[in-house]
Amino acid sequence: MLLSNKTDCQKLFELLKTLSFQKGEFILASGKTSNFYMDCRMTTLSGQGSYLIGKLLYERIATLHVDAVGGMSMGADPIVSSVIYRAAEMGQSLNGFLIRKEPKGHGRTRQVEGHLDSWMRVVLLEDVVTTAGSTVKAIEAVRAVSPEIEIVKVLSLVDRGEGGGDRINQLGIQYEALFEIDAFLRD
């Protein structure tokens with residue numbers, strides 16, 4: 001655990017382990033098979049999980065002077081909401097945006113919805129990073145809106161330790177995870 005508030009961090013870890021971590025046979029978004037799965041939505045969509053995630057992630061970005069946080073739908077949706085809510089609670093102005101896997105086929109036909117402008121410094125939020133395929137798509141979508149947007153950091157709840165963090169760093173973007181998957185595999 002990497003956060004200063006061990007009590008809240010430990011609570012979030014226990015929630016993730018209880019609500020989100022499963023053993024079995026699973027096919028991941030990357031197409032790989034795995035004998036465990038981390039379904040963070042079960043935690044991010046719980047009241048206590050949402051509260052802890054907002055508090056702990058906001059703590060990690062509060063000094064970065066960013067204008068918005070966002071991420072790939074649908075894993076990042078509740079995480080973005082939790083963080084911008086916590087920012088407002090702390091008296092800070094922080095906007096959010098969400099990225100569709102593909103541009104919408106009707107209306108304004110956007111891939112990115114919400115608050116995202118060319119002058120912004122942003123943090124991308126993820127639930128789980130494996131190979132960073134979804135994260136790279138999110139980065140590309142943000143840069144397609146405007147190459148001037150500065151992606152300050154990618155912050156995830158869990159890193160599966162399969163090279164995704166290195167891939168993000170190779171793009172010149174700092175990466176940090178609250179938890180490494182090894183912590184959940186110990187038992």
Side-chain angles (χ1 to χ4, degrees), residues 1-22 28-29 36-100 112-116 120-130 132 134-135 137-139 142 151-161 164-165 168 173-186:
M1 280 159 263
L2 305 172
L3 298 173
S4 58
N5 188 334
K6 300 288 189 210
T7 304
D8 286 341
C9 195
Q10 187 61 36
K11 286 179 189 175
L12 180 57
F13 175 81
E14 292 301 326
L15 275 176
L16 284 164
K17 188 164 186 170
T18 302
L19 299 177
S20 298
F21 182 75
Q22 300 172 9
L28 306 177
F36 62 90
Y37 186 67
M38 182 63 76
D39 184 359
C40 288
R41 290 169 297 210
M42 299 305 293
T43 300
T44 63
L45 293 170
S46 72
Q48 185 68 14
S50 179
Y51 168 77
L52 291 169
I53 287 164
K55 185 176 181 183
L56 294 171
L57 293 184
Y58 176 73
E59 188 179 282
R60 301 309 272 172
I61 66 169
T63 61
L64 298 179
H65 307 291
V66 295
D67 305 292
V69 294
M72 189 67 78
S73 256
M74 86 181 255
D77 294 4
I79 300 170
V80 169
S81 293
S82 296
V83 173
I84 62 175
Y85 180 88
R86 178 61 177 180
E89 201 173 48
M90 299 303 292
Q92 300 300 311
S93 177
L94 186 65
N95 288 310
F97 61 93
L98 301 173
I99 304 163
R100 300 174 190 276
V112 179
E113 297 288 351
H115 303 276
L116 191 62
M120 289 184 160
R121 290 171 42 91
V122 304
V123 170
L124 291 177
L125 304 173
E126 288 279 0
D127 53 358
V128 179
V129 168
T130 303
S134 295
T135 308
K137 287 179 185 174
I139 291 166
V142 167
I151 303 171
V152 177
K153 184 181 227 178
V154 172
L155 185 55
S156 74
L157 298 177
V158 179
D159 186 341
R160 284 184 58 104
I168 294 165
I173 301 170
Q174 183 184 5
Y175 170 70
E176 180 182 359
L178 295 185
F179 304 102
E180 302 293 330
I181 197 65
D182 292 346
F184 297 94
L185 294 171
R186 292 182 200 119

Query raised in the report: Rounded to the nearest 0.5 Å, how far apart are CE of M72 and NZ of K137?
Result: 7.0 Å
Requested in this report: Ignoring hydrogens and angles, tell me if any N or O in the side chain of S46 forms a donor-acceptor pair with the backbone of T43 under 3.5 Å.
Outcome: yes
**Report entry** Beyond-backbone contact of F179 with V128, side-chain heavy atoms, under 4.5 angstrom
**Finding:** no
**Report entry** Any side-chain heavy-atom pair of R160 and F36 under 4.5 Å
**Finding:** yes
Query - Contact check, side chains of L94 and I61, non-hydrogen atoms, under 4.5 Å - result: yes
Query raised in the report: Is any side-chain heavy atom of L178 less than 4.5 Å from a side-chain heavy atom of L16?
Result: no
Query raised in the report: What is the distance from atom CD1 of I168 to atom OG1 of T135, rounded to the nearest 0.5 Å?
Result: 4.5 Å
Requested in this report: State whether the side chain of R121 and the backbone N or O of H65 hold a donor-acceptor pair below 3.5 Å, judged by distance alone.
Outcome: yes
Query raised in the report: Nearest 0.5 Å, what's the CD1-NZ distance between I173 and K153?
Result: 12.5 Å
Requested in this report: For residues Y58 and V69, determine if any side-chain heavy atom of one lies less than 4.5 Å from a side-chain heavy atom of the other.
Outcome: no
Report task. Might you point out which heavy atoms bring F13 and A183 nearest each other, and give the distance in Å? Result -> CZ-O, 3.5 Å
**Report entry** Side-chain ion pair, E89 and R86, N-O less than 4.0 Å
**Finding:** yes
Requested in this report: Looking only at non-hydrogen atoms, find the nearest pair between A68 and H115 and report the distance.
Outcome: CB-O, 3.8 Å
Query raised in the report: Is there a side-chain contact between I151 and V122 (heavy atoms, below 4.5 Å)?
Result: yes
Query raised in the report: So, for Y175 and V158, which heavy atoms are closest and what is the spacing to 0.1 Å?
Result: OH-O, 4.2 Å
Requested in this report: Measure across E113 and R100 and return the closest heavy-atom pair with its distance rounded to 0.1 Å.
Outcome: OE2-NH2, 3.5 Å
Requested in this report: Please report the shortest heavy-atom distance between Q48 and L15, naming the atom on each side.
Outcome: CG-CD1, 3.6 Å
Query raised in the report: Does some side-chain heavy atom of L157 sit less than 4.5 Å from a side-chain heavy atom of T44?
Result: yes
Report task. Hey, could you give me the CD/NZ distance between E14 and K17, rounded to the nearest 0.5 Å? Result -> 7.0 Å
Query raised in the report: Quick one: does I53's side chain get under 4.5 Å of L12's, heavy atoms only?
Result: yes
**Report entry** Short side-chain to backbone donor-acceptor contact, S82 and S50, under 3.5 Å
**Finding:** yes
Report task. Hey, could you give me the OG/CG distance between S134 and L124, rounded to the nearest 0.5 Å? Result -> 11.5 Å
Query raised in the report: At what distance, to the nearest 0.5 angstrom, does CD of E180 lie from OG of S156?
Result: 8.0 Å
Query raised in the report: At their closest point, which heavy atom of L56 faces which heavy atom of D8, and how far apart are they?
Result: CD1-O, 3.7 Å
